[in-house]
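First up is the structure itself, then whatever we jot down about it.
These numbers come from the heavy atoms of this one structure, side chains and all, not from hydrogens, waters or symmetry mates. This one's a predicted model, so the numbers in the text were calculated from it and none came from an experiment.
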Amino acid sequence: MLPEVQNRKPYPSIGAAFGLLAIVMAINFIGSTVLGWMEQIFPSATEPAYMVVYLIAYLVALRIGLTFRRSNRIAFKAGSWFMWPLLIVVTVLFLIVREPLLSLFNGRNLPDRDIITGLDFVNPYFVVITVFAAPLFEELIFRGIILDGFLQRQQPWRAIILSALLFAIAHVNIPQFINGFLIGVLMGWVYWKTRSLWLCILIHFVNNLCATLLLYYYNPYRSAIIQMSPNTGIFILIYICSLSALAIFSIIIYYYYQEKELDKYDDQM
């Protein structure tokens, strides 16, 4: 390997990460704009075309990201077996805790279409993108390439916050920005501790699946969790129990990995 390649800092830098984000957003914006014009002429073809544009945007960014990495492969690790069911529970609890708060930002200005894909909410193609494509391709970019590179260049929490911020910006509007940042911090922390992209994909999948189901069955202009509760007292009870359970499970996960780090340190002594 050439000396200049060996001495090159891990990819990406903050600027390069914003470049990848700009590529994704630009392709989605241009594609959605063009398809919006074509919708009057080819209405039946535009919905699958929106999905194709979304996939192209992430595939182009992924190809560029892999080209500039020292290794053009992303290592997939399964993570500890018990983390899978535990993180499913944590993800659902985290959604229950933040959904009523995020619903305050919806108001009556919630768009009829998703800003990123250009598709109607709960459209079959939107569901395919949100529930299946997004957890895979967005995690490959934001955790597999961007956060992985940041962790090799910066302090862990700075890397996690910056990658979560980029992930939030990709979601464009305010409610999705806040939601993307919060879930991005969670997935970033999990990736830092486990180096398991599969666990991040799992969190992303469960979160998007639950959010899509809530969007389908309940009024999107009001909190679905509040709508599910028969009265205010039941809602408060559900919220407190969910918050308490989330705190307990988070502490368990935190101290489990804290102990693993101590054991690793002891083995090295």
Side-chain angles (χ1 to χ4, degrees), residues 17-67 72-74 76 91 95 99 102 106 109-146 166-177 179-180 183-184 187 197-198 200-221 224:
F18 271 100
L20 289 177
L21 175 62
I23 289 168
V24 169
M25 296 182 72
I27 293 175
N28 271 313
F29 175 77
I30 294 169
S32 296
T33 302
V34 172
L35 291 174
W37 296 335
M38 294 175 60
E39 194 168 11
Q40 303 301 321
I41 306 171
F42 307 105
S44 60
T46 51
E47 290 181 351
Y50 278 121
M51 184 171 69
V52 171
V53 168
Y54 176 89
L55 294 175
I56 289 174
Y58 276 93
L59 286 171
V60 169
L62 181 62
R63 180 66 266 174
I64 293 172
L66 290 175
T67 299
N72 62 355
R73 300 178 65 183
I74 295 177
F76 284 88
T91 304
L95 177 63
E99 192 271 346
L102 292 173
N106 289 344
N109 298 317
L110 191 69
D112 294 327
R113 290 187 166 201
D114 180 59
I115 297 175
I116 303 168
T117 63
L119 291 167
D120 294 331
F121 291 117
V122 201
N123 175 292
Y125 295 101
F126 173 77
V127 173
V128 170
I129 290 174
T130 303
V131 178
F132 298 103
L136 175 61
F137 290 102
E138 292 180 13
E139 289 314 299
L140 283 169
I141 295 294
F142 290 101
R143 255 59 63 180
I145 292 178
I146 291 177
L166 286 163
F167 182 62
I169 292 171
H171 289 76
V172 185
N173 62 51
I174 291 177
Q176 289 187 337
F177 177 93
N179 186 51
I183 197 75
M187 293 186 293
L197 199 61
W198 280 121
C200 296
I201 292 171
L202 173 70
I203 295 170
H204 203 149
F205 168 78
V206 172
N207 178 80
N208 286 14
L209 175 62
C210 292
T212 302
L213 290 173
L214 293 178
L215 188 65
Y216 183 81
Y217 286 107
Y218 296 94
N219 182 351
Y221 297 106

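The two residues Gly65 and Leu20 have their closest heavy-atom pair at N-CD2, 4.0 Å. Of all heavy-atom pairs spanning Ile146 and Ala17, the tightest one is CG2-CB, 4.0 Å. Leu21 approaches Ala170 most closely through the heavy-atom pair CD1-CB, 3.5 Å. Heavy atoms only, all atoms of each residue included: Ala133 and Leu55 are closest at CB-CD2, 3.9 Å.
Thr91 has its side chain out of reach of Phe205: every pair of non-hydrogen atoms, C-beta onward, lies at least 4.5 Å apart. In this structure the side chain of Phe142 never reaches within 4.5 angstrom of the side chain of Met187, judged on heavy atoms. With contacts defined as side-chain heavy-atom distances shorter than 4.5 Å, the pair Arg63/Leu66 qualifies.
Counting only distance, with no hydrogens or angles, the side chain of Glu99 and the backbone of Ala224 share a donor-acceptor pair below 3.5 Å.
Atom CZ of residue Arg143 and atom CD1 of residue Ile74 lie 12.0 Å apart, to the nearest 0.5 angstrom. A distance of 12.0 Å separates CE in Met51 from CG in Leu35, rounded to the nearest 0.5 Å. Going from atom CD1 of Ile201 over to atom CZ of Phe132 covers 13.5 Å, rounded to the nearest 0.5 Å. To the nearest 0.5 Å, atom CD1 of residue Ile30 and atom CE of residue Met25 are 12.0 Å apart.
The six-membered or imidazole ring of Tyr58 lies near that of Tyr54, with a centre-to-centre distance under 6.0 Å.
Residues passing the side-chain contact (heavy atoms from CB on, under 4.5 Å) test with Phe177 are Leu165, Ala168, Ile169, sequence neighbours excluded. Phe76 meets the ring-ring contact (aromatic ring centres under 6.0 Å, His included) test with Trp198; sequence neighbours excluded. Here Ala57 pairs with Val24, Ile27, Asn28 under the side-chain contact (heavy atoms from CB on, under 4.5 Å) rule; sequence neighbours left out. In this view, Asn179 and Arg98, Leu102, Asn207 satisfy the side-chain contact (heavy atoms from CB on, under 4.5 Å) rule, not counting sequence neighbours.
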Without placing hydrogens or testing angles, list every side-chain donor-acceptor pair under 3.5 Å for residues 208-215, not counting sequence neighbours.
{"unit_1": "Asn208", "atom_1": "ND2", "unit_2": "Thr130", "atom_2": "O", "d": "2.7"}
{"unit_1": "Asn208", "atom_1": "ND2", "unit_2": "His204", "atom_2": "NE2", "d": "3.4"}
{"unit_1": "Thr212", "atom_1": "OG1", "unit_2": "Asn208", "atom_2": "O", "d": "2.7"}

